[in-house]
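Written out below as structure tokens is the structure these notes cover.
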Protein chains: 2
Amino acid sequence: MEPLAFHHHDHSHCEGDVMHRAEALAKEQGLRLTPVRKRVLEILLEAHKAMGAYDVLQRLAAEGFGNQPPVAYRALEFLVEHGLAHRIRRLNAFTACMHPGEAHSPAFLICRQCDSVAEADAAGVRAALGASADALGFTIERSNIEALGLCPACKAA
Amino acid sequence: MEPLAFHHHDHSHCEGDVMHRAEALAKEQGLRLTPVRKRVLEILLEAHKAMGAYDVLQRLAAEGFGNQPPVAYRALEFLVEHGLAHRIRRLNAFTACMHPGEAHSPAFLICRQCDSVAEADAAGVRAALGASADALGFTIERSNIEALGLCPACKAA
DNA sequence: GCGTATATGTGATAATATCACAAGTCAAGG
DNA sequence: CCTTGACTTGTGATATTATCACATATACGC
Ligand SMILES: [Zn+2]
Ligand SMILES: [Zn+2]
Ligand SMILES: [Zn+2]
Ligand SMILES: [Zn+2]
């Protein structure tokens, strides 16, 4: 898992690459990556940052899709459900997954200055959390791990 | 840090105990634990689970306090700000801190069945998260760590 | 093609959160 | 005592986020 967000990279390439993997994944798992869903994923990838459902909706409406909230929420829900996007609760927002297919429950690093969001490796974090939960007899099914702070770029400035 | 929530305990005692510590803490730090703020903390302690701002507001209104959202939100914000309560983003809700004073950035274990919320020790989790962030040059200022799953009681049933 | 499950469009509404401004409280300092 | 300024609360309005209900359309298995 590479930490794309905080390093310079050919973004158009990363867009295409992730999109390509997402489509392959959908085919492989028999998911229906319909036009709306695909477009929402593209929008998230283009933005390369967390977007609110209504921001996404605005883009969709401008392109001739429905303009009611459920249109955006349903597509986003689908993407999150199938690991193609993530929900950032701290921001009431969504972001494309940069590592579709690689089973992961990432941690999110959110820059309070520039609003960029990076997926960090959370294997160690999950292990520690699991240990704490075990000690209490609690069984974890899902988890949200989000950190707010300053990204390298904003720290420099 | 004891995991109160998932074990039987004399709840009225725990209420009084935590409240007592919170008041001592407020005095010590020159915080103004006004009637509304104190009452909100009591309400959260009585409930012993996460409550939405509007649930709290309803209780306040019934007791003669203001009945507009800012009344609840301001008190809750104050409590969170000063470590007397926590915000559970996954639930859009708030819960009293069971360990006021003890500096901690806890992890929350949320039962999807009975909605109980426990604060788990997150020292190890924070360390792991910090390491992941360091590797990306990201500086963490705050973090939310929330896990959804089944508590011991609901697992048994 | 037909029937069924799934997906989308659309209007309405619910739930959550913030803004703006007036009025009240409180603790110094003069 | 009175003024002043910081903080707190009350209140109405509004913004933002999310879901419901139901009709229509599309895709898929047969
Ligand atoms: Zn991801
Ligand atoms: Zn930044
Ligand atoms: Zn706590
Ligand atoms: Zn439970």
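Residue numbering restarts at 1 for every chain, and letters A, B, ... go by the order of the sequence lines. Owing to the predicted nature of the structure, the values given are computational and were not obtained by experimental measurement. What's counted below: heavy atoms across the whole structure, side chains too, no hydrogens, waters or symmetry copies.
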**Message:** Tell me if a side-chain donor or acceptor on Glu146(A) pairs with a main-chain N or O of Ile88(A) at a distance below 3.5 Å.
**Reply:** no

**Prompt:** What is the distance, rounded to the nearest whole Å, between atom CG of Asn67(B) and atom C1' of dG10(D)?
**Reply:** 9 Å

**Message:** I'd like to know if Glu77(B) and Arg87(B) make a salt bridge, using a cut-off of under 4.0 Å between side-chain N and carboxylate O.
**Reply:** no

**Asked** How would you label the contact of Arg32(A) with the nucleic acid (heavy atoms, under 4.0 Å): base, sugar-phosphate, or nothing?
**Response** sugar-phosphate

**Request:** Using atom CG of Leu57(A) as one end and atom C1' of dT17(D) as the other, report the distance to the nearest whole Å.
**Result:** 12 Å

**Item:** Nearest-nucleotide pick for Val71(A), side chain only, options being dA18(D), dA17(C), dG9(C)
**Value:** dG9(C)

**Prompt:** Taking atom types as modelled and ignoring hydrogens, do the side chains of Asn144(A) and Arg90(B) form a donor-acceptor contact shorter than 3.5 angstrom?
**Reply:** yes

**Item:** Residue pair Thr139(B) / Lys155(A), side-chain donor-acceptor N/O under 3.5 Å
**Value:** yes

**Prompt:** Considering only dG11(C), dA17(C), dG10(D), which nucleotide approaches the side chain of Phe94(B) most closely?
**Reply:** dA17(C)

**Presence of Thr34(B) side-chain N/O under 4.0 Å of dT25(C) phosphate oxygens OP1/OP2** = no

**Message:** Does Tyr54(A) contact dA15(D) through a side-chain donor or acceptor facing the base, at a distance under 3.5 Å?
**Reply:** no

**Prompt:** Where the side chain of Gln68(A) is concerned, which of dA17(C), dG11(C), dT6(C) is the nearest nucleotide?
**Reply:** dG11(C)

**Prompt:** When we call it a touch if two heavy atoms are under 4.0 Å apart, what does Arg87(A) touch: a base, just sugar-phosphate, or nothing?
**Reply:** sugar-phosphate

**Complete:** To the nearest angstrom, the OH-P distance between Tyr73(B) and dT8(D) comes to 20 Å

**Message:** Any carboxylate oxygen within less than 4.0 angstrom of a Lys/Arg side-chain nitrogen, looking at Arg112(A) and Glu141(B)?
**Reply:** yes

**Prompt:** Roughly, in whole Å, what's the span from CG in Leu91(A) to P in dT16(D)?
**Reply:** 16 Å

**Distance in angstrom units between Arg90(B) CZ and dT16(C) C1', rounded** = 17 Å

**Request:** Ignoring backbone atoms, establish whether Asn92(A) has a side-chain N or O less than 4.0 Å from OP1 or OP2 of dT16(D).
**Result:** no

**Message:** Between P on dG9(C) and CZ on Phe65(A), what's the gap in Å once rounded to a whole number?
**Reply:** 8 Å

**Prompt:** dT8(C) phosphate, OP1 or OP2: any side-chain N/O from Arg37(A) under 4.0 angstrom?
**Reply:** yes

**Prompt:** Nearest to the side chain of Pro70(A) - dA17(C), dT9(D), dT19(D)?
**Reply:** dT19(D)

**Length of the line joining Leu60(A):CG and dG9(C):P, which is rounded to integer Å** = 9 Å

**Asked** For Phe78(B) and dT8(D), what is the distance between atoms CZ and C1' respectively, to the nearest whole Å?
**Response** 11 Å

